Amino acid sequence: MKKLLLPFILIAFSLNAQQKETVDLKWKINDTLTYKTVMRDVVLEKSKEQTEKDSISEKMSGIFKAMQEQLTDLKYETKLFPDNGNVDIAMMLKKEKADTTENLFSGMAKMNGNVVLRGKVSPEGELLSFYYKEAQKNLISILFGLPTKPVAIGDEWDLKVSMVSMDQNFKADTLYKKNLVRLKDIKTKNGNKIAVIEYNIEEYVSGDFGNGMMAMFSKDKSDKKTFMKISHKATAEFDIEKGYWILYDGIMDIETNFSLMGKGGNKRTEFKLTPEK
């Protein structure tokens with residue numbers, strides 16, 4: 001009986017060992033790595049109620065809508081550079097040679113060498129460029145952050161991000177935060193071992209502004225709460241041996257009933273990174 005049980009015990013032990021296999025995810029950037037980059041805003045439809053409460057005149061709303069439409073046509077590329085063992089990151093506006101048109105955003109980017117996002121991470125994906133604005137740091141962490149220790153399938157970790165931002169006049173009564181990144185799978189693709197990572201990040205707050213200024217930005221004079229919800233969901237594939245994303249595909253949603261200068265309301269941003277061959 002013992003001889004019959006032994007093979008099953010060995011098989012079970014082997015399967016358990018495979019399930020608990022850990023991998024060390026690290027950036028290995030020895031030369032410039034360029035990613036084809038999608039960062040595209042999609043303005044979602046407002047409900048009738050939101051439209052009636054919009055904060056500004058129809059004329060101003062049209063101006064900002066035109067600006068948002070211009071942003072959807074922009075093209076980007078992201079470059080990763082080695083820097084004394086760390087990784088420098090620069091997302092740049094990519095200009096087609098045949099395209100001679102300019103808009104406000106592309107004109108401003110041109111003044112800065114066409115760089116629209118910059119940051120630095122360690123090989124473990126830890127954010128090192130702490131000195132940039134919160135929104136910039138959030139994007140670098142979301143797009144390039146990695147677990148700082150070896151992980152196995154099913155392991156979870158969080159990212160250092162803070163996406164919802166209010167000033168001292170806001171008094172919250174309801175809030176929650178979910179910050180979850182998980183190693184979903186380890187698979188083999190073209191002979192390479194690939195880590196599949198899932199992102200599920202969400203922040204929500206509702207409450208009241210403590211002064212009367214915010215009433216200027218809403219036609220609604222009732223006591224309904226102001227709320228904002230930002231979520232990011234993504235799936236990414238990391239080549240463990242080569243040390244870089246072979247795919248990053250995500251969506252960030254912003255939902256709010258507060259509109260400031262026509263730039264509020266519901267919005268979706270699509271992100272996609274694929275290495276240039």
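Since the structure is predicted, the reported quantities are computational estimates derived from the model, not experimental observations.
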message: Closer than 4.0 angstrom, basic N to acidic O: yes or no for Lys149 and Glu126?
response: no

- request: Apply side chain to side chain donor-acceptor pair (under 3.5 Å) to Asn200 and Lys233, showing your working.
  value: CA-CA 5 Å; Asn200 189 1; Lys233 298 184 184 299; 2.7 Å; yes

task: Enter the distance from Lys28:NZ to Asn30:CG here, rounded to the nearest 0.5 Å.
output: 9.5 Å

task: In sequence, state the C-alpha distance, the side-chain angles, and the governing distance for Leu128 and Asn86, and then conclude on side chain to side chain contact (heavy atoms under 4.5 Å, CB included).
output: CA-CA 9 Å; Leu128 300 177; Asn86 298 314; 3.6 Å; yes

query: Is the closest side-chain donor-acceptor distance between Lys79 and Thr34 under 3.5 Å?
result: yes

- prompt: So how far is it from Arg182 CZ to Thr235 OG1, rounded to the nearest 0.5 Å?
  reply: 10.0 Å

field: Listed once per pair and sorted, the ring-ring contact (aromatic ring centres under 6.0 Å, His included) pairs that draw on residues 182-201, sequence neighbours left out
entry: Tyr199-Tyr248

Any Lys193 side-chain heavy atom under 4.5 Å of Glu21 side chain: yes

- line: Interatomic distance, NZ@Lys36 vs CD@Glu276, rounded to 0.5 Å, equals 6.0 Å

query: Near Lys137 NZ, under 6.0 Å, is it more than 12 heavy atoms from other residues, nucleotides or ligands?
result: yes

Neighbour count >12 (heavy atoms, 6.0 Å) for atom CG, Asp173: yes

message: For Trp27 and Phe144, take the angle between the two ring planes, folded into 0 to 90°, and tell me which bin it lands in: parallel under 30, tilted 30 to 60, perpendicular over 60.
response: tilted

field: Inter-residue atom distance Asp83.CG - Ile29.CD1, 0.5 Å rounding
entry: 12.5 Å

message: Donor-acceptor check, side chain of Asp239 to backbone of Lys242, threshold 3.5 angstrom: yes or no?
response: yes

message: Any donor-acceptor pair under 3.5 Å linking the side-chain atoms of Asp208 with those of Thr226?
response: no

- prompt: Step by step, would you call Leu117 with Val115 a side chain to side chain contact (heavy atoms under 4.5 Å, CB included)?
  reply: CA-CA 6 Å; Leu117 178 68; Val115 176; 5.9 Å; no

message: Just by distance, no angles: are the side chains of Thr269 and Asp41 close enough, under 3.5 Å, to form a donor-acceptor pair?
response: yes

- prompt: Atom CG of Leu273 and atom OH of Tyr76: how far apart are they, to the nearest 0.5 Å?
  reply: 13.0 Å

query: Can you list the steps and then say if Tyr176 with Glu202 is a side chain to side chain donor-acceptor pair (under 3.5 Å)?
result: CA-CA 8 Å; Tyr176 65 82; Glu202 191 172 291; 2.8 Å; yes

- prompt: Looking at CE of Met91 and CG of Leu139, how far apart are the two atoms once the value is rounded to the nearest 0.5 Å?
  reply: 7.0 Å

message: Between Asn266 and Thr256 (side chain of the first, backbone of the second, donor and acceptor by atom type, cut-off under 3.5 Å), is there such a pair?
response: yes

field: Residues Met166, Met228; criterion side chain to side chain contact (heavy atoms under 4.5 Å, CB included); working and verdict
entry: CA-CA 10 Å; Met166 298 288 187; Met228 179 171 284; 4.1 Å; yes

